[in-house]
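What follows is a short report on a single structure.
The structure presented is a predicted model; accordingly, all values stated were derived computationally and were not measured.
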Amino acid sequence: MYWIQSSAGTLVDSRALRLLPKSAVVASRIWTDKDISHLLAGNIKSGGTCHHHEEFNRRLQITQTTPQRKQRQRRATPIMSCGPMILPSAASQAAVNQLVLICFSAVYLFAFSSLYIQIPGLYGNDGILPVSGLLQRALSESQSTHSFAGRFAVLETLVWLFDPLGITPSQCMELLCLLGASLALCSIVWHRFRIRVVFAVMWLSYFSVYQVGQTFLHFQWDILLLEAGALGVLTAPTWYWTVQVQHKENVQSVTTCDHNEGLGLMMIRWLFFRLMYLAGIVKLTSQCPTWWGLTAMDYHYETQCLPTALAWYAHQLPKWFQALSVVGVFIIEIGLPFLFFLPMRRVRWAAGLAQVALMTMIFASGNYNFFNIMTAILFLSLLTDQDLQGWVPAAFLRKHHDSHATSLVQDIPRRADQVALVVAVLSAFACMHIHFGVQPRTEGGLALGSAVQFSRQDYATFVTYSMQVGMAMGCLAVAYAAAMTLRAASKSGSLFRLLSAVASILVAGVLLAASFEALRWNDDNSTLQQQPLWTYASQAQAALGRYSVVNSYGLFRRMTGVGGRPELTVEASQDGDAWDEYLFKFKPNRPQDAPLLIAPHQPRLDWQMWFAALGSIKHNTWLQSLAVRLLQGKQDVLDLLAADQNSRIQVPPQYVRIRSWKYHFTTNSSKDWWQRTVDDGLYLNPISLKTHQQAVTGLLNYLSGAETQAAHLFKDVDCTNQWLCSFLSTVRRAVQGVNDQVFVATMVVVTAAIAGLGVWN
């Protein structure tokens with residue numbers, strides 16, 4: 001095989017020459033694989049004009065083009081421009097890795113920014129769950145309370161730095177969010193910030209606030225960000241350095257790094273598989289009758305936490321389409337993830353793009369903050385640098401490449417790739433027909449069975465064997481990536497890169513073993529734990545699980561709200577007779593209020609109100625704290641509500657109560673979005689600061705930690721570091737009162753613009 005450098009300045013594989021018009025290859029230069037490897041090793045290219053090769057016309061014969069070939073020529077895009085250029089290798093994933101790191105940084109920016117604006121109302125001294133009280137309760141059970149190391153051993157969080165920094169614990173949370181968001185911003189813009197130490201600091205910052213986030217910060221997308229962020233540390237370069245390369249008469253400065261992205265991206269691909277596969281199988285292992293009866297989508301759109309306006313329209317779709325959607329979810333989440341590890345590019349793309357399409361629909365119909373975005377980002381791990389051609393700037397591909405990346409798997413012929421894709425599609429339709437009863441109707445459309453076409457025992461057997469197949473495929477894929485990483489490091493001749501590769505392989509091995517144990521938890525019939533070596537996997541999971549770097553997932557395990565969407569309303573009164581309803585910013589309130597799209601922002605209080613509606617006040621004592629803060633008229637908590645619509649309520653009220661409702665989407669004939677009926681009884685009986693003084697005092701003492709043994713260590717509740725206090729106060733005032741929707745829109749636009757700048761530079 002050889003490469004043709006055309007008059008247009010492109011390097012083209014000789015096998016793909018038929019895609020170029022004849023005029024594009026009249027004046028060119030022929031490069032052999034050896035020439036290309038020399039140029040790549042120096043990270044430089046021909047450095048100027050393209051030279052005519054006299055032997056070209058004797059070695060190359062252009063056949064007469066056909067109409068079909070002319071159509072392919074119009075679709076063909078140049079591989080790379082002439083001059084200082086780089087030819088993307090079929091094995092290189094360096095540019096993909098940089099794109100993944102940029103996207104991870106963008107999600108970090110969303111997560112830190114979204115949490116930052118809510119910290120005073122959630123975790124401040126006058127918030128719903130003050131973080132200072134949590135820290136005092138943690139220290140009250142420990143003897144090592146004076147040193148940072150002793151406190152960190154009690155609860156692993158950097159929020160303990162509030163004491164030496166001279167700020168309050170909630171301000172320390174704000175500082176960590178600002179630090180993480182700033183580093184994420186820098187990482188998006190400049191590649192020299194996309195290194196392990198930066199991603200380690202971002203991960204540690206989010207882990208620190210996660211540790212003290214209590215009920216408002218323990219969601220599956222939070223642990224997904226922590227696990228993906230940990231893999232970002234693994235796949236990011238250790239450092240960038242500049243070397244001088246002699247090329248003919250010129251000396252050029254070249255930026256390089258230790259490339260171990262192949263192994264890191266394979267671990268991200270393994271996370272992608274586990275996330276989607278587990279999301280699929282738990283729907284049926286939970287024994288939820290709506291999933292088994294193919295009726296889950298009849299309830300999903302109106303009962304999800306924070307639906308959008310599109311969810312109302314999706315809820316109106318016919319029953320057969322909702323049932324077909326359930327079948328599609330099963331095929332996409334359970335079956336297609338196994339195709340992630342196949343060598344056929346088009347099959348991998350189809351399987352990955354199906355997940356992206358599913359995430360897009362979930363994003364548009366439900367406000368799942370950054371979860372859908374993070375899941376879609378994992379799709380990038382299925383690509384190579386060549387797949388990015390035409391989608392990202394050529395300069396980005398030239399700057400980020402790995403000239404030593406190799407692959408033992410030869411390119412699959414295009415015809416075989418297409419055949420494999422057709423087989424995969426036909427297999428999916430066959431599965432829909434055999435296992436779910438999907439078949440065409442004579443009068444048009446599709447007919448479906450009333451339930452799945454297999455027994456619970458058959459499904460349990462399938463889960464056991466499919467999980468073992470998935471583990472085997474993941475193990476082989478990671479082992480292959482480790483071998484290629486070690487081989488590329490050896491070829492580079494860099495001792496530092498070799499040592500970095502060995503360390504990465506060891507870390508990846510431990511993470512892989514721990515993930516096997518987390519995966520096994522979802523199979524009740526598994527006997528893998530009886531295997532002799534499985535003890536090591538259990539120990540790895542026990543050691544890493546506490547840091548949320550290896551997790552088990554199971555989204556939408558059961559369909560809630562089958563009898564109606566449960567909702568809570570918080571009401572205030574001055575006399576105990578006339579009650580006014582507090583309106584929340586984003587959760588369903590009055591029947592006429594339209595659902596809003598606010599992702600990737602997550603209003604933590606609105607979300608938690610939905611979970612509280614599924615239980616009782618006994619299991620959600622934080623609602624008592626919310627009621628007390630409203631009775632006190634605490635502005636930080638009021639800022640979490642729709643303050644502009646709550647002006648009719650006199651602050652502070654004398655009484656607060658909570659009622660439970662059942663909400664349903666309206667039909668097309670109604671002008672309202674919701675219809676609601678109140679449940680019998682009250683979720684929380686009316687409380688008052690006067691009539692419940694003793695109970696309120698006890699609750700406030702518990703929240704503040706005033707009655708704990710460590711209370712004397714938290715005497716100073718005010719900020720004592722004037723410079724840092726002034727900085728934090730200035731930033732807080734800058735965002736104070738900003739409309740959440742404006743904030744979200746600004747955050748998305750700015751992040752997209754900065755991400756584009758990071759790709760172009």
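Proximity of the aromatic rings of Tyr553 and Trp221 is defined here by a centroid distance below 6.0 angstrom, and this criterion is not met.
Side-chain contact between Arg557 and Trp291 is absent, with no heavy-atom pair separated by less than 4.5 Å.
Between Met276 and Leu358, the shortest heavy-atom distance links the atoms CE-CD2, 4.4 Å. Tyr123 approaches Leu217 most closely through the heavy-atom pair OH-CB, 4.1 Å. For the residue pair Pro652 and Gln632, the shortest heavy atom distance occurs at CB-C, 4.0 Å.
Relative orientation of the Tyr663 and Trp674 rings is perpendicular, given thresholds of 30° and 60° on the angle between their planes. Relative orientation of the Phe219 and Phe611 rings is tilted, given thresholds of 30° and 60° on the angle between their planes.
Between Glu567 and Arg676 there is no salt bridge, since no side-chain nitrogen of the basic residue lies less than 4.0 Å from a carboxylate oxygen of the acidic one.
Residues meeting the side chain to side chain contact (heavy atoms under 4.5 Å, CB included) test with Arg590, sequence neighbours left out: Leu583, Gln592, Asp593, Gln645. His692 meets the ring pair (Phe, Tyr, Trp, His ring centres under 6.0 Å) test with no other residue; sequence neighbours excluded. For Cys288, there are no disulfide (SG to SG under 2.5 Å) partners at least two apart in sequence or on another chain.
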side-chain hydrogen bond (donor to acceptor under 3.5 Å, both in side chains) between Trp312 and Thr666, worked out: CA-CA 8 Å; Trp312 185 91; Thr666 57; 3.2 Å; yes
Tell me, with the steps shown, if Phe743 and Ser113 meet side chain to side chain contact (heavy atoms under 4.5 Å, CB included). CA-CA 9 Å; Phe743 171 79; Ser113 302; 3.7 Å; yes
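Thr215 and Gln608 are linked by a side-chain donor-acceptor pair at a separation below 3.5 angstrom, with hydrogens and angles left out of the test. Between the side chains of Tyr206 and Asp222, at least one donor N or O sits under 3.5 Å from an acceptor N or O.
Atom CG of residue Leu231 and atom CZ of residue Phe272 lie 13.5 Å apart, to the nearest 0.5 angstrom.
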